[in-house]
Amino acid sequence: MLHRPTKTRALAYVALAGLAWGTGGPTGALLFQSSGLTSTAISFWRLATGAAWLLLANCLFTRTPIRATFMAAPRRYILTGLGLTACQLGYFAAIPRVGVAVATVISLGAGPLFIALATRERITPALLLAVLGLALLVTAPGTAITASLPGILLSLLSAAGYAATTLLNRDHPAPTTTALLGFTTAALALLPLALLEGLTPNAASWPTLAYFGLIPTALAYTLFYSSLRTLTPSTAAVLALLEPLTATALAVLLFHEHPTPQTLTGAATLLTAVALKARRP
């Protein structure tokens with residue numbers, strides 16, 4: 001069991017989680033190009049390797065009794081796994097219907113709104129500013145916007161899955177264990193679909209898959225769940241929007257993309273919202 005982090009440490013945890021999540025987009029793009037896997041199979045391996053890393057950490061450090069922990073609250077961990085499954089499948093299924101930009105804005109932007117509504121928190125100007133900044137950041141000029149009701153609903157399903165996992169794991173005394181059990185449940189749920197589409201990656205992709213499971217999955221979710229012991233869920237969700245900022249910065253640095261004035265405006269707006277939320281969580 002971990003001690004409850006101070007507010008400063010909790011803010012640092014969620015900021016680091018957002019940065020770690022932000023490396024997931026470029027990593028996923030590399031895997032799409034090199035692994036020979038579909039999005040479902042990549043999601044399976046992401047969660048399965050994330051669970052493997054956390055199981056290793058549990059064996060070496062915390063040594064929490066996994067089976068006893070699961071049996072003490074099986075519904076929590078099953079629902080967490082189903083929420084993670086919905087988050088992954090909803091997002092990737094929405095992309096061919098509405099495009100990456102719309103799927104990202106809805107799935108990431110609606111998550112904090114769902115959390116605020118579910119917990120009856122006030123929808124603050126900082127939260128709305130964060131959604132505006134996100135929209136400006138990811139919808140570059142000339143981006144084709146497709147209004148597909150199934151795509152929008154799938155994006156909302158992804159947001160609902162993210163919100164559910166956040167709410168289920170707020171103030172959990174063992175964030176590493178809850179992430180491990182959630183990943184395991186989600187990987188098992190995805191396994192039948194992944195088997196149908198092809199589960200074996202190219203051999204050269206294993207190091208990338210190992211990184212995908214470690215940094216933007218095992219580490220990011222553990223830090224995020226740890227922050228929920230101190231921060232309100234909506235505050236943590238807004239601060240976690242550093243993820244698309246990190247992904248944008250990596251796209252500029254690694255893939256030599258050129259940010260537009262709108263992208264820079266969106267980044268500044270989103271950073272302002274994060275700073276406001278951090279000051280008044």
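Positions are given from 1, in the same order as the sequence printed here. Bear in mind that the values here come from a model prediction, so they are computed numbers and not experimental data. The analysis underlying the following values was restricted to heavy atoms, covering all of them including side chains, and did not include hydrogens, waters or symmetry mates.
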Tell me whether Leu56 shares a hydrophobic cluster with Ile215, the cluster being built from Ile, Leu, Val, Met, Phe, Trp, Tyr side chains joined at under 4.5 Å. yes
Note: Pro201 and Leu37 closest approach over all heavy atoms is CB-CD1, 3.7 Å
Beyond-backbone contact of Thr49 with Thr217, side-chain heavy atoms, under 4.5 angstrom: no
Would you call Leu195 and Phe44 a side-chain contact if the rule is heavy atoms closer than 4.5 Å? no
Is it possible for you to say whether Trp53 and Leu16 belong to one hydrophobic cluster, with membership spreading through side-chain heavy-atom contacts below 4.5 Å? yes
Nearest-0.5 Å distance, CG of residue Leu228 to OH of residue Tyr13: 12.5 Å
Roughly how far, to the nearest 0.5 Å, is CD1 of Ile95 from OG of Ser155? 8.5 Å
Determine the minimum heavy-atom distance between Ile115 and Ala237, stating which atoms define it. CD1-CB, 3.8 Å
Determine, step by step, whether Ile78 and Phe70 satisfy the side chain to side chain contact (heavy atoms under 4.5 Å, CB included) criterion, reporting the C-alpha distance in whole Å, the side-chain angles of both residues, the deciding distance to 0.1 Å, and the verdict. CA-CA 9 Å; Ile78 291 172; Phe70 177 80; 4.1 Å; yes
Measure the shortest side-chain to side-chain distance between Leu129 and Lys277 over non-hydrogen atoms and say whether it is less than 4.5 angstrom. no
Do Thr178 side-chain atoms and Pro175 backbone N/O form a donor-acceptor pair below 3.5 Å? no
Say whether Thr23 and Tyr211, considering side chains only, have a donor N or O and an acceptor N or O under 3.5 Å apart. yes
Atom OG1 of Thr38 and atom CG of Leu199: how far apart are they, to the nearest 0.5 Å? 9.0 Å
Can you see whether Ser205 engages Thr208 through a side-chain donor-acceptor pair at a distance of less than 3.5 angstrom? no
Which atom pairs, one a donor and one an acceptor, fall under 3.5 Å between side chains of residues 182-192 and the rest of the protein, sequence neighbours left out?
residue: Thr184; atom: OG1; partner: Leu180; partner atom: O; Å: 2.8
residue: Thr185; atom: OG1; partner: Leu181; partner atom: O; Å: 2.9

Is it true that Val252 and Leu242 fall in one hydrophobic cluster, defined by side-chain heavy atoms closer than 4.5 Å? no
If every non-hydrogen atom of Pro207 is compared with every non-hydrogen atom of Ala204, which pair is closest and at what distance? CD-O, 3.4 Å
When you compare the side chain of Leu108 with that of Tyr162, does any pair of heavy atoms fall below 4.5 Å? no
Measuring from atom OG of Ser107 to atom CD1 of Ile152, what distance do you get when rounded to the nearest 0.5 angstrom? 12.5 Å
Take Leu209 and Ser35, measure what side chain to side chain contact (heavy atoms under 4.5 Å, CB included) needs, and give me the verdict at the end. CA-CA 9 Å; Leu209 283 169; Ser35 67; 5.6 Å; no
Within-4.5 Å side-chain heavy-atom neighbours: Glu121 and Pro233: yes
In this structure, would Phe61 and Leu55 fall into the same cluster of hydrophobic residues linked by side-chain contacts under 4.5 Å? no
Are any non-hydrogen side-chain atoms of Phe92 and Ser158 less than 4.5 angstrom apart? no
Closest non-hydrogen contact found for Gly109 with Leu134 is N-CD2, 3.5 Å
Rounded distance [0.5 Å steps], CD1 in Ile66 versus OG1 in Thr64: 6.0 Å
Members other than Leu117 in its cluster, when Ile, Leu, Val, Met, Phe, Trp, Tyr link by side-chain heavy atoms under 4.5 Å? Leu113, Ile123, Leu127, Leu128, Val131, Val238
For Ser227 and Ala10, the nearest pair of non-hydrogen atoms, with its separation, is CB-O, 3.5 Å
Where is the tightest heavy-atom contact between Met71 and Pro74, given as atom of each residue plus distance? O-CD, 3.4 Å
Beyond-backbone contact of Leu54 with Thr222, side-chain heavy atoms, under 4.5 angstrom: yes
Would a distance-only check, ignoring hydrogens and angles, find a side-chain to backbone donor-acceptor pair under 3.5 Å from Arg4 to Arg229? yes
Yes or no on side chain to side chain contact (heavy atoms under 4.5 Å, CB included) for Leu11 and Leu239, after CA distance, side-chain angles and deciding distance? CA-CA 8 Å; Leu11 290 171; Leu239 268 61; 3.3 Å; yes
Using the rule that Ile, Leu, Val, Met, Phe, Trp and Tyr join whenever any side-chain heavy atoms are under 4.5 Å apart, tell me whether Ile106 and Phe114 fall into a single cluster. yes
Kindly indicate whether the side chain of Thr27, heavy atoms from C-beta on, has any atom under 4.5 Å from the side chain of Arg46. no
For residues 80-91, run the donor-acceptor check on the side chains, cut-off 3.5 Å, and write out each pair with its distance to 0.1 Å, sequence neighbours left out.
residue: Thr80; atom: OG1; partner: Arg76; partner atom: O; Å: 2.8
residue: Thr80; atom: OG1; partner: Asn169; partner atom: ND2; Å: 3.3
residue: Thr85; atom: OG1; partner: Gly81; partner atom: O; Å: 2.8
residue: Gln88; atom: OE1; partner: Ser43; partner atom: OG; Å: 3.0
residue: Tyr91; atom: OH; partner: Thr104; partner atom: OG1; Å: 3.0

Taking atom types as modelled and ignoring hydrogens, do the side chains of Thr260 and Thr263 form a donor-acceptor contact shorter than 3.5 angstrom? yes
Could you give the distance from CG (Leu136) to CG (Leu264), rounded to the nearest 0.5 Å? 11.0 Å
